[in-house]
Chemist: 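Quick one: the structure is below, questions incoming.
Heavy-atom basis, side chains included; hydrogens, waters and symmetry copies ignored. A, B, ... follow the sequence lines: proteins, then strands. Residue 1 opens every chain.
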2 protein chains.
Amino acid sequence: MHDMQHEHHECVECPIRHRAVCSRCDAAELHKLEQIKYYRSYQAGQTVIWSGDRMDFVASVVSGIATLTQTLEDGRRQMVGLLLPSDFVGRPGRATAAYDVTATTDLVMCCFRKRPFEELMLSTPHVAQRLLEMTLDELDAAREWMLLLGRKTAREKIASLLAIIARRDATLRLRAPKGQLVFDLPLTREEMADYLGLTLETVSRQISALKRDGVIILDGKRHVTIPDLERLMEEAGDDSDGGVPE
Amino acid sequence: MHDMQHEHHECVECPIRHRAVCSRCDAAELHKLEQIKYYRSYQAGQTVIWSGDRMDFVASVVSGIATLTQTLEDGRRQMVGLLLPSDFVGRPGRATAAYDVTATTDLVMCCFRKRPFEELMLSTPHVAQRLLEMTLDELDAAREWMLLLGRKTAREKIASLLAIIARRDATLRLRAPKGQLVFDLPLTREEMADYLGLTLETVSRQISALKRDGVIILDGKRHVTIPDLERLMEEAGDDSDGGVPE
DNA sequence: TTCCTGGCTTGATCTTAATCAAAGCGTTCG
DNA sequence: CGAACGCTTTGATTAAGATCAAGCCAGGAA
């Protein structure tokens, strides 16, 4: 419809191009990307791909939320990734999925056929460089998550998760991070439990406790208000690292 | 001494070049690397760098073992990385260390000054591509680790750690992974506890239990024999994923 | 040799979160 | 409308691992 705006419009529509490519884009590259790209939609609860399945694309979340989970034979589940809009899924150079990918809300992904995408990466260095940056960010997030799983109490885990969601949500909406934060929990109690390495009963109890103590205000089961972000961060037990340097 | 062998010798000496660069090396690039590279040695127990400190290099482990740890204000510690020879440390594009890095054995690292290394990355695409691959491997390892921290029992955690060390050790020594495996634990009980999100007492008890049950044979406190790797893997509870594809 | 010291083991007890169980609430479906 | 279902809350009990507390053992120093 707006031909003159086409390229810019594509950037907004498709975060991978915005985040990984467009910052230093080039007409020939954009044209190649255009040819290997397609969209897929999933309903809430649908599985995008099972661990071990052939995966012939890489993708970026356009809207909605997806999770990566791992499962032990006896059914114990651990979430290992939470994908919000603009996050990247899939690994260049690997044929099969390493995790179950599930849509927890209605989900739209922008996919790129894997083989041509890999070829594009070889010929356009800044795509690999941008992808490296994003992967390093994910690795940092994973290590923060490891601290949570290994050493935090149930209450601290819940507070940490709420802080993480509030922060990412605020970033997505470009809200100022000061003052009251309001958002809807994008996860069920069970999904939160899988994120935190807890049972859903413990999640429910700790949420009730935080509510009772005034750390959060709950309206219904999903709508959360954080009256005091500082307070929540304290509950999360995160290292503020204002410590004494030697 | 062996001038004709110089480049190859350097590759062996310095894993980052071997793993990230040399596979597709080029004389000019090698020359640049040579100029920005230097070695540092640490004694067992020494801290390489504290979280938050300025970090003006990236590096690769040449020999010995280093750990990455995160700490909560009250002293709870969680290991988030275990670096064996050829592993990479440091993040291009970041000024300060995000974790405490500690030498758990005597350690030699091959360092590259960060600024010139970043410039080299911009001009030599395959370095960024190789680094991306390595980072994706680390991310996979981190996610496996998250499953361990969030959902495995103490016994499974110990068995998993032993399997991980046995596997990496076998890889380093280029031993055939069949039959009996023998190795020395490179970590104290406390370090194992920090790896696994347990206390050192629980680590000790579970090691004793695995010994009692014949899953491992202990000679002294550190020398371990795995009589049956299959058995150990079962104890580790890992998803063998020989499941039915749909 | 004896005495330390640091790393490790083992025991007793306590706490946290898991498990088992029941019921509440809000939607959707018949 | 009422039944049924999915998600959640809450309660009672149990179990896994943490915590507190001795001791053990090997190696190094005096």
Chemist: Closest to the Thr199(B) side chain: dA18(D), dT9(C), dA21(C)?
Modeler: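 Per side-chain heavy atoms of Thr199(B), the pick is dA18(D).
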Chemist: From the set dG17(D), dT10(D), dT19(D), return the single nucleotide nearest to any side-chain atom of Thr153(B).
Modeler: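 The listed nucleotide nearest to Thr153(B)'s side chain is dG17(D).
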Chemist: Could you walk me through whether Tyr38(A) and Arg40(A) pass the side-chain hydrogen bond (donor to acceptor under 3.5 Å, both in side chains) check?
Modeler: CA-CA 7 Å; Tyr38(A) 58 99; Arg40(A) 300 205 56 175; 5.7 Å; no
Chemist: dT8(D), OP1 or OP2 - any side-chain N/O from Arg222(A) closer than 4.0 Å?
Modeler: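 For dT8(D), OP1/OP2 do have a side-chain N/O of Arg222(A) under 4.0 Å.
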Chemist: By the 4.0 Å heavy-atom rule, please label Gly197(A) as base, sugar-phosphate, or nothing.
Modeler: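 Sugar-phosphate contact only.
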Chemist: Can you check whether any acceptor in the base of dC7(D) is under 3.5 Å from a donor in the side chain of Glu191(A), or vice versa?
Modeler: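 In this structure, the two groups form no donor-acceptor pair.
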Chemist: Distance check needed: dG26(C) P versus Leu218(A) CG, whole Å only.
Modeler: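 The distance from CG of Leu218(A) to P of dG26(C) comes to 13 Å, rounded to the nearest Å.
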Chemist: Measure the spacing between CD of Glu156(A) and CG of Leu148(A) and express it to the nearest 0.5 Å.
Modeler: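 If we round to the nearest 0.5 Å, Glu156(A):CD and Leu148(A):CG are 9.0 Å apart.
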Chemist: Could you check Lys221(A) against Arg205(B) and say which one's nearest nucleotide on DNA chain D is further toward the 5' end?
Modeler: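 Whichever sits nearer the 5' end wins; that is Lys221(A).
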Chemist: State whether Thr202(A) places a side-chain N or O below 4.0 Å from either non-bridging phosphate oxygen (OP1 or OP2) of dA18(C).
Modeler: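 For dA18(C), OP1 or OP2 has a side-chain N or O of Thr202(A) closer than 4.0 Å.
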Chemist: Parallel, tilted or perpendicular: which fits the ring planes of Tyr195(B) and Trp145(B), with parallel below 30° and perpendicular above 60°?
Modeler: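 The rings of Tyr195(B) and Trp145(B) lie parallel, inter-plane angle below 30°.
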Chemist: Under a 4.0 Å threshold between the charged nitrogen and the carboxylate oxygen, would Arg143(A) count as salt-bridged to Glu138(A)?
Modeler: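 Looking at Arg143(A) together with Glu138(A), the answer is no, because their closest N to O distance does not fall below 4.0 Å.
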Chemist: Rounding to a whole Å, what distance do you find between Gln206(A):CD and dT8(D):C1'?
Modeler: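 Spelled out: CD on Gln206(A) to C1' on dT8(D) is 15 Å.
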Chemist: Tell me which nucleotide among dT9(D), dC8(C), dA18(D) gets nearest to the side chain of Thr188(B).
Modeler: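 Shortest atom-to-atom distance from the side chain points to dC8(C).
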Chemist: Which of the following nucleotides, dA18(C), dT19(D), dT10(C), is nearest to the side chain of Leu198(A)?
Modeler: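 Selected nucleotide: dA18(C).
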Chemist: Looking at the side chain of Ser208(B), which of dT9(D), dA17(C), dT10(C) is the nearest nucleotide?
Modeler: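 Comparing dT9(D), dA17(C), dT10(C) against the side chain of Ser208(B), the answer is dT10(C).
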Chemist: What about Arg189(B): does its side chain form a donor-acceptor pair under 3.5 Å with the base of dG6(C)?
Modeler: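 No, no donor-acceptor pair under 3.5 Å.
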